[in-house]
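Every chain is numbered from 1, with letters handed out A, B, ... down the list of sequences.
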Amino acid sequence: DAGVTQSPTHLIKTRGQQVTLRCSPKSGHDTVSWYQQALGQGPQFIFQYYEEEERQRGNFPDRFSGHQFPNYSSELNVNALLLGDSALYLCASSSGTPLDTQYFGPGTRLTVL
Amino acid sequence: GENVEQHPSTLSVQEGDSAVIKCTYSDSASNYFPWYKQELGKRPQLIIDIRSNVGEKKDQRIAVTLNKTAKHFSLHITETQPEDSAVYFCAASNRDDKIIFGKGTRLHILP
């Protein structure tokens, strides 16, 4: 039973570029949430996808967008990268039932130069 | 807006002693409170969670207590071991499933 997977593990981009991060949920899960974790901080909620639609969104600008596919996998896109976007990006999957446990993937470390 | 405060930011405990981490939350609609452990360079791992219909939950050396009236909850680790050294995050979620995390507590277990 595969857990949550993410790709790539590391990524280096320059300011102004665009990036796409990918997440495959744990088997049996249909909901994917994305978080940004800056160094020394707790994860910050970006948004959540369920049934291919954005269900919840945190306080992140429109440069952050996402998508969920029919197989429940998800992408996080960030446009016009800023230095401050450098962080560990985590996705977490859950069953879609309210208050269900979220399980995290290993994360993608994004460095913006 | 929603907010979760966590204290202390750093905690050093002698091996074998107990460690307590405390959190408060602002959204009275919160009713799910998970705790995650994150080791250096690794993903957050759920260690215990509690839902608002109970006041206390225990799993071996780990326990969590919840006081909904005061809007605070705590993590208790007894008989601490070296492998308990990590960063611990409390979090709170309401029915919308948006989880708000605290800033974390770095726990050091001293030999």
Side-chain angles (χ1 to χ4, degrees), chain A residues 2-7 9-10 21 23-26 29-51 53-60 66 68 87-109 111, chain B residues 1-10 21 23-27 29-54 57 59 64 66 68 75 86-107:
Chain A
V4 183
T5 61
Q6 291 185 245
S7 64
T9 53
H10 295 86
L21 311 181
C23 173
S24 290
K26 182 178 166 66
H29 285 179
D30 57 9
T31 301
V32 174
S33 302
W34 286 93
Y35 295 83
Q36 180 194 67
Q37 186 176 25
L39 203 61
Q41 300 293 315
Q44 298 285 315
F45 178 80
I46 302 174
F47 43 52
Q48 182 182 81
Y49 276 84
Y50 172 70
E51 292 188 342
E53 290 193 358
E54 184 183 290
R55 182 161 73 171
Q56 282 284 325
R57 189 176 182 93
N59 296 324
F60 279 80
Q68 185 178 36
L88 179 68
Y89 288 84
L90 295 159
C91 80
S93 75
S94 55
S95 72
T97 304
L99 310 184
D100 189 46
T101 300
Q102 294 189 12
Y103 294 90
F104 282 89
T108 294
R109 173 74 60 189
T111 302
Chain B
E2 303 125 330
N3 189 43
V4 175
E5 298 283 343
Q6 183 172 348
H7 300 281
S9 56
T10 305
I21 301 170
C23 291
T24 59
Y25 60 97
S26 60
D27 184 359
S30 297
N31 46 15
Y32 173 59
F33 306 91
W35 286 86
Y36 286 87
K37 174 185 179 182
Q38 189 175 30
E39 296 177 54
L40 191 62
K42 297 191 175 180
R43 75 188 78 187
Q45 298 268 16
L46 180 78
I47 55 172
I48 195 167
D49 57 13
I50 190 168
R51 289 170 172 80
S52 62
N53 57 337
V54 297
K57 183 177 178 180
D59 182 4
V64 57
L66 171 65
K68 285 219 77 183
L75 177 73
V87 179
Y88 290 80
F89 293 99
C90 64
S93 175
N94 58 24
R95 66 178 64 250
D96 292 330
D97 270 353
K98 186 164 75 172
I99 294 184
I100 307 299
F101 281 80
K103 291 185 184 249
T105 296
R106 184 171 297 279
L107 176 62

Practice problem: Take atom OH of A:Y103 as the centre, draw a 6.0 Å sphere, and report whether it contains more than 12 heavy atoms from other residues, nucleotides or ligands. | Solution: no

Quiz prompt | Segment of B:I99 engaging chain A (4.5 angstrom heavy-atom cut-off) | solution = both

Quiz prompt | Max heavy-atom pair count under 4.5 Å with chain A, selected residue of B:R106, B:K42, B:Q6, B:R43 | solution = B:R43

Exercise. Applying ring pair (Phe, Tyr, Trp, His ring centres under 6.0 Å), name anything that partners B:Y36, two or more places apart in sequence or on another chain.
Key: A:F104, B:F101

Self-check item: Gap between atom CZ of B:R51 and atom OG1 of A:T101 - 0.5 Å precision
Solution: 5.0 Å

Quiz item: Between B:Q38 and chain A, which part of the residue has a heavy atom less than 4.5 Å away: side chain, backbone, both or neither?
Solution: side chain

Practice problem: Would you please name every residue forming a ring pair (Phe, Tyr, Trp, His ring centres under 6.0 Å) with A:F45, sequence neighbours left out? | Solution: A:Y35

Quiz item: For the candidates A:R109, A:Q44, A:R57, A:Q37, which exhibits the highest count of non-hydrogen atom pairs separated by less than 4.5 Å from chain B?
Solution: A:Q37

Quiz item: Can you tell me how far the CD atom of A:Q102 sits from the CG atom of B:D49, to the nearest 0.5 Å?
Solution: 11.0 Å

Quiz item: Relative to chain A, which segment of B:P34 carries a heavy atom at a distance below 4.5 Å: side chain, backbone, both, or neither?
Solution: neither

Quiz prompt | Greatest number of heavy atom pairs closer than 4.5 Å to chain B - which of A:G105, A:S33, A:G107 | solution = A:G105

Quiz item: Can you name the nearest heavy-atom pair linking B:F89 to A:G42, along with the distance?
Solution: CE2-CA, 3.2 Å

Quiz item: Is the count of non-hydrogen atoms from other residues, nucleotides or ligands lying under 6.0 Å from B:K103 atom NZ greater than 12?
Solution: no

